Undergrad: 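What follows is a structure written as structure tokens; I'll ask about it next.
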Amino acid sequence: MTKAFTRDFLSVLAAIVCMAASSCGGGHAPSDARPDSLVAALAAVDDSVSVNSGHSLGMIHAGMDRASDSLAWYDWYLRLMRYSVQRDVPDSTSLRWNQAYAFLQMREQTPRVRGMKGLLLNTKGSYYYKLHYEPSMAISAYREAYAALFGSDCEERLPDVCANLGDACVADNDMPRAAWWYRRALFLADSLRLPDKDNVSLYMGLGRIYLNLGDFDSALSCYRTADTKFSLLPLNMQIYFLCNYGNYFYYAEDYKGAEAVFTRMRRLLEDNGMASSYEMYVCKLNMADVKMNLGETDEARRLVGEAYAYFTKIGDGTAIYYCHTVLMALALKAGDTAAVRRILDNERLTVTIDFNMANIRSRYLREYYVRKGDYKAAYLDLEADIRRNDSLKHNIANMRASEIMMRYAQDTLQLHHRMEMQEKDADIRQARSYLYLGVLLIAVLALLLLYGYTCFRKRRLYLLMQLMQLRLVNVRSRISPHFIFNVLNNRISSADKKDAGELMGLVKLIRANLNMSGRYYVSLKEELDFVKYYVSVERKCMDGGLDFSVEAPPADVLEGVMVPSMFIQILVENAIKHGLKRREGAKRLRVTVAVDGQECRMVVADNGTGFDIRRGDPSSTGTGLKVIRSTINLINHGSKRKIEMGIRNVEAADGTIGGCEVTITMPLGMRLPGLDGMKTN
């Protein structure tokens, strides 16, 4: 097992690691990802170039003209490079390889940039291999392309690059290495799960290698497999396949079969506008050899003449060598050994010739030496042929070793895939566990929120019920205003003028009471107006009269302040009922309202007998203060700002109680939630 194979084996393991790393990379899209419109346009032109469409060049130039940035422009320029090399455009030597490579090298090596580098280097390899026939330069470029494509956005092209490397190795007469690259291409195609049509060209390449190694049965099997899917191949691969398939029949000495295949190749080239292409002259050269072996020497001489002129012009040494071989064979058929001598004397080629081409030349040379009577030279040539066959056997052994190493690498890759799948299964199980836990937590949270909302609704309804009960108690503790209102209306109609006036004031009071008691909140102006009505009625029933005063801001300010209904009225009623009616002499009652930017302060003060919880009125139910305190508790519940109520007795000059003062301080804007605008009836 040679060092070269060991190096290749290590490189294949490195490739496996690269593929694993790329498969485990982040899932975020790169910043320079192509827009969908550009992806579609590039795919269309790639297909057009593959089938050698006459519209390809126009599509490429149009894309370059409308490119939105320099990276997009080089996307199109790489297609121009590929088109120029594939069509053998005369100015292809002026392509700016170094400029394009330097531009891509300076960019961040994102998957897109790596893919573009791979495409550039692969095209450059084809340029050296196809147009200049420099296998070593082509191999170097293809190897760089192979390395660049790992981790790129077009890893699916890796098998194609491996196949190109195999072809270049064949041209370099390194059959074991060529087999190695084709085997690598096959297992990469399998690993990447590429369509079956992408494997056809790989079987073609293997067939060519088997043919070069003299394994005709294996070669025919590969070629027949490829021929069944011929229509799936792009144009360039169809041409490549027919060239090698025809060579198989030639080396198997089935010249009629070779003629039929090369005729297919010629028609394919003509149908696709490639009558003057490199491939057409290769086809003519191959056909010349076949025609010569079929006895059609005139046609053979015409074909080889056309091919010789073309390959001499472009300096393709290998093709010239083959032209010389066919010309020597034609000269021998004509009995012109002098022409053979001239060809040998003038041949100054320093190219590497593959095994089969050397064998063809060797066969004609031995015939020439025998005709010249130079049996020693014939013997030496035969000896060289034996050495080549020994080398062939060595190459076959190396290829078998290469296959073993490749299978080992494939087994390693499969093991890696199994381990990776096991890790992914573990990740999936862990993700499912997290998903189930997340769903459970969400369900628990939803239940807690539902429970909290239910408790909130229950508490709110409870508060509403309490407030409703307080209102009902407040209403029921009085004689029905509707009943009194109806009685008074009947009495007013039969009373004298003075009594009717007094009764009308009472009616207004009852009407205001009906309006006020049915609402939870009223403006301060409405509350004070009601209090004035109430006092105007009560003062007529008090001995000695009543000195009543109200100190409050202007009406427009009072209109904007909302307070619980009848708060001030209840305090005024209690002051008259429990304080002032018991007092002898002058009676004073003062209501003071102050409003600032934060709160409203309401004070009800009298000069009555004062507040003493121990001195109860047997006829009193204490409903008024109970309603106020309960309402304040309901409004204060759950609120940061609180309503405060204070009751204090005022001392007279002689130290006795000189009256009572009740103060309610209420932050502005406080409401019992859900009760704005609601009524009790």
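Bear in mind the structure is a predicted one, so any value in this text is a computation, not a measurement. The chain is numbered in sequence order, starting from 1.
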Undergrad: Go through the steps to decide whether E299 and R302 satisfy the test salt bridge (charged side-chain N to carboxylate O under 4.0 Å, His left out), and finish with yes or no.
TA: CA-CA 5 Å; E299 180 65 10; R302 183 187 68 81; 2.6 Å; yes
Undergrad: Classify the ring geometry of W73 against Y77: parallel below 30°, tilted from 30° to 60°, perpendicular beyond 60°.
TA: parallel
Undergrad: Any chance you could lay out the side-chain contact (heavy atoms from CB on, under 4.5 Å) test for R96 and F103, step after step, and finish with the verdict?
TA: CA-CA 11 Å; R96 292 173 283 184; F103 170 80; over 6 Å; no
Undergrad: Decide yes or no for R267 and T263: does some side-chain heavy atom of the first lie under 4.5 Å from some side-chain heavy atom of the second?
TA: yes
Undergrad: How many angstroms lie between OH in Y223 and CG in N244, if you round to the nearest 0.5 Å?
TA: 4.0 Å
Undergrad: If every non-hydrogen atom of F262 is compared with every non-hydrogen atom of L242, which pair is closest and at what distance?
TA: CE2-O, 4.3 Å
Undergrad: Does Q238 reach the main-chain N or O of L233 with its side chain, forming a donor-acceptor pair under 3.5 Å?
TA: yes
Undergrad: Has S48 got a side-chain atom pairing as donor or acceptor with A44's backbone, closer than 3.5 angstrom?
TA: no
Undergrad: Taking all non-hydrogen atoms of both residues, which atom of V261 and which atom of G246 are closest, and how far apart?
TA: CG1-N, 3.4 Å
Undergrad: Within 45° of the ring axis of W181 and under 6.0 Å from its six-membered ring centre, is that where the NZ or CZ of R184 lies?
TA: yes
Undergrad: Treating N272 as the side-chain partner and L268 as the backbone partner, does any N or O pair qualify as donor plus acceptor under 3.5 Å?
TA: yes
Undergrad: Report the relative orientation of the aromatic rings in F311 and Y281; use parallel for angles under 30°, tilted for 30 to 60°, perpendicular for over 60°.
TA: perpendicular
Undergrad: Between T312 (side chain only) and A309 (backbone N and O only), is there a donor and an acceptor less than 3.5 Å apart?
TA: no
Undergrad: Can the ring centres of Y142 and Y146 be said to be less than 6.0 Å apart?
TA: no
Undergrad: Within 45 degrees of the ring normal and closer than 6.0 Å to the centroid, is that where the cationic atom of R264 sits relative to F230?
TA: yes
Undergrad: State whether a side-chain donor-acceptor pair under 3.5 Å links N164 with Y129.
TA: no
Undergrad: Show your working on side-chain contact (heavy atoms from CB on, under 4.5 Å) between V45 and Y83 and close with a plain yes or no.
TA: CA-CA 10 Å; V45 81; Y83 171 85; over 6 Å; no
Undergrad: Salt bridge or not for D46 and R157, using N-O below 4.0 Å?
TA: yes
Undergrad: Mind checking the OH-CG spacing from Y74 to L80? Nearest 0.5 Å is all I need.
TA: 12.0 Å
Undergrad: Please determine whether side chain to side chain donor-acceptor pair (under 3.5 Å) holds for the pair Y250 and D289, giving the CA-CA distance in whole Å, both sets of side-chain angles, and the decisive distance to 0.1 Å.
TA: CA-CA 9 Å; Y250 173 84; D289 200 355; 2.6 Å; yes
Undergrad: Please round to the nearest 0.5 Å and tell me the distance separating atom CG of L42 and atom CD1 of I60.
TA: 10.0 Å
Undergrad: Using a strict cut-off of less than 4.0 Å between a Lys/Arg side-chain nitrogen and an Asp/Glu carboxylate oxygen, indicate whether D153 and R34 qualify as a salt bridge.
TA: yes
Undergrad: Going from CG on L202 to CE on M237, what distance comes out if it is rounded to the nearest 0.5 angstrom?
TA: 8.0 Å
Undergrad: Spell out, as yes or no, whether a donor-acceptor pair under 3.5 Å connects the side chain of R114 to the backbone of A147.
TA: yes
Undergrad: Return yes if some donor-acceptor pair links the side-chain N/O of S221 with the main-chain N/O of D217 below 3.5 Å, else return no.
TA: no
Undergrad: As a quick check of understanding, evaluate side-chain contact (heavy atoms from CB on, under 4.5 Å) for Y321 and E347, giving each step before the final call.
TA: CA-CA 8 Å; Y321 177 89; E347 193 172 53; 3.8 Å; yes
Undergrad: Using the side-chain contact (heavy atoms from CB on, under 4.5 Å) rule, take M81 and W97 through it: C-alpha gap first, then chi angles, then the decisive distance, then the call.
TA: CA-CA 9 Å; M81 288 181 161; W97 304 102; 3.8 Å; yes
Undergrad: Thinking salt bridges, do D345 and R341 make one under a 4.0 Å N-O criterion?
TA: yes
